[in-house]
A.B. asks: 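One structure, as structure tokens, below. Some questions next.
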Amino acid sequence: MSVTDQRAPGVRISDLSVVYRTQAGELPAVRGVDLELMPGTITGVVGESGSGKSTLALSMLNAVQPPGRISSGSVEIDGLGDVVALRGDDLRKTRGRHVGYVFQAAQNSLNPLKTIGKQLLDLGRSHDVDDLPGLVKEARSLLDRMGLDGARVLDSYQHELSGGMRQRVGIMLALVLNAHVVVLDEPTTALDMITQATILRIIREVHEERGLTTLVITHDLGVVAEIADRLAVMYGGRLVEQGPTREVLGAPRHPYTRGLLQAIPRLVGDIDEARALPGRPPTLSTVPPDGCVFRERCAVRMDVCETGEPPVLTIGPRVVACHAAGDGESQKETVTTGPTRGEEQA
Ligand SMILES: Nc1ncnc2c1ncn2[C@@H]1O[C@H](COP(=O)(O)OP(=O)(O)OP(=O)(O)O)[C@@H](O)[C@H]1O
């Protein structure tokens, strides 16, 4: 729904797989993910803990660290090429300058020995920014917009700031170099509801003003409902459903998406109506290598889900990977958790 700005690049993640080395060998945390970020849109990625969201975010900057590695696939950014193929200085310059980011642990990753302002200048110098006073002014203005005293924050050390303030510093650092692709991993988790709403509004405003292509990673469906144009749902390293946010949330087709929605307590009505998804999400070592990764928790699983990769179905603007999503039966309101899981790639 956002205005597509000519400056906003498109991003195509194709057949992306990321593995981590474990005692049991290399195991996939992200498997065969295909996801396109349309220019000028905000895409939300949701899923329970361990579904591979942060690993996907790191891949956007080719920043997966050992014991992990990108084992296949590409992340093509318009004007930049395949980030997965970048190395050395090209890669370093890309991070921050072309792809702005705030990682989940960003609020703890500031340098405790330097003021925020000093770290900002280091960032500017490392990216050959000529106008450092301009950079400081921009940083102050972004912090002011997020409800902080920008000048004071820049003079502060990390230990002088609360978790929520550090989180906003992280968002400022993601935006300040004027990158046109921005990756925000859990940007508002440490914030109270009111501040969260303010920050989401500001992210949206800056996104539109600057013509960005933005990826927001969150476990919170409320956050994506608030901010994202498109929504991608991950489970066990797979993308199981994606499409326009309103459609996915309004009429989820994958049983996992349905389960996530049903697990949200309502503010009105009977709180018991919220039904937690039974079972737990898989870990690296328990993700089934074959068949549907969601089948253990799926109320409508079929025999084929045990062994067959779910087909990737394109239904209008929606992509669903599920054995049951294609047949008329399962698309009727099959309440509970829903049919088998699938994913959107190989
Ligand atoms: N450094 C690592 N070494 C081994 N396994 C890892 C490592 N980092 C992540 N994993 C595993 O990869 C899988 C995906 O993790 P990831 O952090 O990407 O998921 P997530 O959806 O972002 O979860 P969360 O919301 O809890 O951050 C998990 O099973 C996790 O345990």
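This is a predicted model, so every value here is computed, not measured.
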A.B. asks: Should the heavy atoms of other residues, nucleotides or ligands under 6.0 Å from CG of D303 be counted, would the total exceed 12?
C.D. replies: no
A.B. asks: Would you please test V233 and H254 for side-chain contact (heavy atoms from CB on, under 4.5 Å) and show each step?
C.D. replies: CA-CA 9 Å; V233 183; H254 195 282; over 6 Å; no
A.B. asks: Check whether H127 reaches the backbone of V129 with its side chain - one donor and one acceptor, N or O, closer than 3.5 Å.
C.D. replies: no
A.B. asks: Hey, is CZ on R12 packed in by over 12 heavy atoms from elsewhere, all under 6.0 Å?
C.D. replies: yes
A.B. asks: Check this for me, if you would: do R69 and E26 make a salt bridge, where the nitrogen-to-carboxylate-oxygen distance has to be below 4.0 angstrom?
C.D. replies: yes
A.B. asks: To the nearest 0.5 Å, tell me how far R204 CZ sits from I199 CD1.
C.D. replies: 15.5 Å
A.B. asks: Does a salt bridge link R295 with E306, judged by any charged N lying under 4.0 Å from a carboxylate O?
C.D. replies: yes
A.B. asks: Hey, is R92 close enough to D89 for a salt bridge, meaning N to O under 4.0 Å?
C.D. replies: yes
A.B. asks: Does N62 reach the main-chain N or O of V83 with its side chain, forming a donor-acceptor pair under 3.5 Å?
C.D. replies: yes
A.B. asks: Please work out which of the three classes, parallel, tilted or perpendicular, describes the rings of H159 and Y157, given edges at 30° and 60°.
C.D. replies: parallel
A.B. asks: Inspect the contact between R145 and E209 and indicate whether a charged nitrogen and a carboxylate oxygen are less than 4.0 angstrom apart.
C.D. replies: yes
A.B. asks: Given side-chain contact (heavy atoms from CB on, under 4.5 Å), test L173 with L123 step by step and report yes or no.
C.D. replies: CA-CA 9 Å; L173 292 172; L123 178 75; 4.1 Å; yes
A.B. asks: Partners of T314 by side chain to side chain donor-acceptor pair (under 3.5 Å), sequence neighbours excluded?
C.D. replies: none
A.B. asks: For R301, is there an ion pair with E296 - N to carboxylate O distance below 4.0 angstrom?
C.D. replies: yes
A.B. asks: Name every donor-acceptor pair, under 3.5 Å, that has one atom in a side chain of residues 133-140 and the other anywhere in the protein, sequence neighbours excluded.
C.D. replies:
from : atom 1 : to   : atom 2 : distance (Å)
E138 : OE2    : R210 : NH2    : 2.2

A.B. asks: V223 and side-chain contact (heavy atoms from CB on, under 4.5 Å): which single residue from L200, V46, T189, I203 fits?
C.D. replies: L200
A.B. asks: Kindly say whether P9 contributes a backbone atom to a donor-acceptor pair with the side chain of D78 at under 3.5 angstrom?
C.D. replies: no
A.B. asks: When you look at CZ of R201, are more than 12 heavy atoms from neighbouring residues, nucleotides or ligands closer to it than 6.0 Å?
C.D. replies: yes
A.B. asks: Give a yes or no on whether D192 atom CG has more than 12 heavy-atom contacts from other residues, nucleotides or ligands under 6.0 Å away.
C.D. replies: yes
A.B. asks: Judged by atom type as modelled, is there a donor-acceptor pair below 3.5 Å linking the side chain of T43 to the main-chain atoms of L231?
C.D. replies: no
